[in-house]
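Below is one structure, written out as structure tokens; the observations come after it.
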Amino acid sequence: MFKHILLPVDGSQTSLMAVEKARGLAQAFGSTVTAIYVIDPYAFSGVGADFAYGQAQYLGAATAEGKEALTGATLVLESAGITVASSIVESHAIYRGIVETANSVGADLIVMGSHGRRGLEKLVLGSVAAQVLAHAHLPILIVRD
């Protein structure tokens with residue numbers, strides 16, 4: 001039923017739960033998986049001469065975090081015999097990176113975690129999962145903690 005699953009990861013506990021769900025689905029359907037970690041290169045805001053240095057440190061730290069999250073997801077999937085590709089994606093908005101990658105790799109399902117934020121926390125931090133639901137035109141499985 002699902003031939004290609006897109007699996008956005010962020011290294012959180014909820015993300016690890018989504019990896020396990022994607023593993024089960026990929027095994028059941030013989031799917032391939034593309035795991036991604038999305039970095040918003042514009043999330044860092046600095047002022048003056050320190051901006052370039054701060055931006056470089058932010059991107060370096062985000063890339064290292066992304067590699068760690070992707071390595072963990074890849075190990076889980078490959079140990080189950082699943083074909084997996086992984087990449088770090090840069091996008092102005094995290095949800096946009098997910099939706100655009102789903103389209104470009106031909107995914108027919110997105111499996112992702114949601115932290116289940118509510119109230120002020122949701123208002124301030126937003127919800128990537130809600131944005132993906134609003135903008136993607138394919139089935140999405142949201143795993144909540």
Side-chain angles (χ1 to χ4, degrees), residues 1-46 51-52 54-145:
M1 181 172 196
F2 298 111
K3 294 180 178 149
H4 196 147
I5 299 171
L6 180 69
L7 176 63
V9 297
D10 65 7
S12 67
Q13 187 61 37
T14 306
S15 177
L16 295 174
M17 292 167 53
V19 170
E20 288 300 323
K21 288 291 185 190
R23 179 187 56 76
L25 288 166
Q27 286 178 310
F29 295 112
S31 312
T32 59
V33 176
T34 298
I36 63 169
Y37 182 95
V38 182
I39 297 173
D40 180 352
Y42 306 106
F44 179 87
S45 59
F51 175 74
Q55 178 77 3
Q57 280 198 316
Y58 161 75
L59 288 174
T63 300
E65 185 177 293
K67 287 179 181 177
E68 185 177 331
L70 288 170
T71 297
T74 300
L75 288 173
V76 168
L77 297 167
E78 286 180 342
S79 70
I82 297 163
T83 302
V84 59
S86 66
S87 65
I88 293 177
V89 175
E90 285 190 16
S91 180
H92 179 61
I94 304 296
Y95 83 87
R96 188 173 291 135
I98 295 168
V99 172
E100 289 172 356
T101 302
N103 292 334
S104 71
V105 301
D108 50 14
L109 175 67
I110 299 173
V111 177
M112 64 184 294
S114 174
H115 300 285
R117 294 184 181 107
R118 299 192 186 288
L120 185 59
E121 186 179 37
K122 182 177 180 182
L123 180 64
V124 173
L125 297 175
S127 171
V128 172
Q131 291 294 315
V132 172
L133 282 167
H135 293 91
H137 300 288
L138 67 154
I140 303 165
L141 173 62
I142 303 292
V143 179
R144 288 213 26 213
D145 56 359

Could you report the tightest heavy-atom contact between [X] and [Y], atom names first, then the distance?
X   : Y    : answer
H4  : G106 : CB-O, 3.9 Å
I82 : V33  : CG2-CG2, 3.8 Å
L6  : I98  : CD2-O, 3.4 Å
P41 : S91  : CD-O, 3.4 Å
V99 : H135 : CG1-O, 4.0 Å
D40 : Y58  : O-OH, 2.7 Å

**Message:** Once ring pair (Phe, Tyr, Trp, His ring centres under 6.0 Å) is applied, do any residues pair with H92, and if so which ones, sequence neighbours excluded?
**Reply:** Y42

**Request:** Look at the side chain of S15 and the backbone N and O of D10, then say whether any donor-acceptor pair between them is shorter than 3.5 Å.
**Result:**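 Yes, because the side chain of S15 sits within donor-acceptor range (under 3.5 Å) of the backbone of D10.
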
**Request:** For the pair S104 (side chain) and T101 (backbone), establish whether a donor and an acceptor sit closer than 3.5 Å, ignoring hydrogens and angles.
**Result:**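 At least one qualifying donor-acceptor pair exists.
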
Measure the spacing between [atom1] of [X] and [atom2] of [Y] and express it to the nearest 0.5 Å.
X    : Y    : atom1 : atom2 : value
T71  : E78  : OG1   : CD    : 10.0 Å
T63  : I39  : OG1   : CD1   : 3.5 Å
S127 : I142 : OG    : CD1   : 7.5 Å

**Request:** Using side chain to side chain contact (heavy atoms under 4.5 Å, CB included) as the criterion, point out the one residue from V9, L16, T14 that pairs with S12.
**Result:** T14

**Asked** Are a donor atom and an acceptor atom from the side chains of Y37 and E65 found within less than 3.5 Å of each other?
**Response** yes

**side chain to side chain contact (heavy atoms under 4.5 Å, CB included) involving K3 - partner list, sequence neighbours excluded** = D108

**Message:** Do E20 and V143 make a side-chain contact, defined as non-hydrogen atoms from C-beta onward lying under 4.5 Å apart?
**Reply:** no

**Asked** Do I110 and P8 have side-chain heavy atoms sitting under 4.5 Å apart?
**Response** yes

**Message:** If you count every heavy atom of other residues, nucleotides or ligands that lies below 6.0 Å from E68 atom CD, does the total exceed 12?
**Reply:**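 No, because the 6.0 Å sphere around CD of E68 holds 12 heavy atoms or fewer from other groups.
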
**Message:** Could you go through V84 and L7, starting from their C-alpha distance and side-chain angles, then the distance that decides it, and tell me whether this counts as side-chain contact (heavy atoms from CB on, under 4.5 Å)?
**Reply:** CA-CA 10 Å; V84 59; L7 176 63; over 6 Å; no

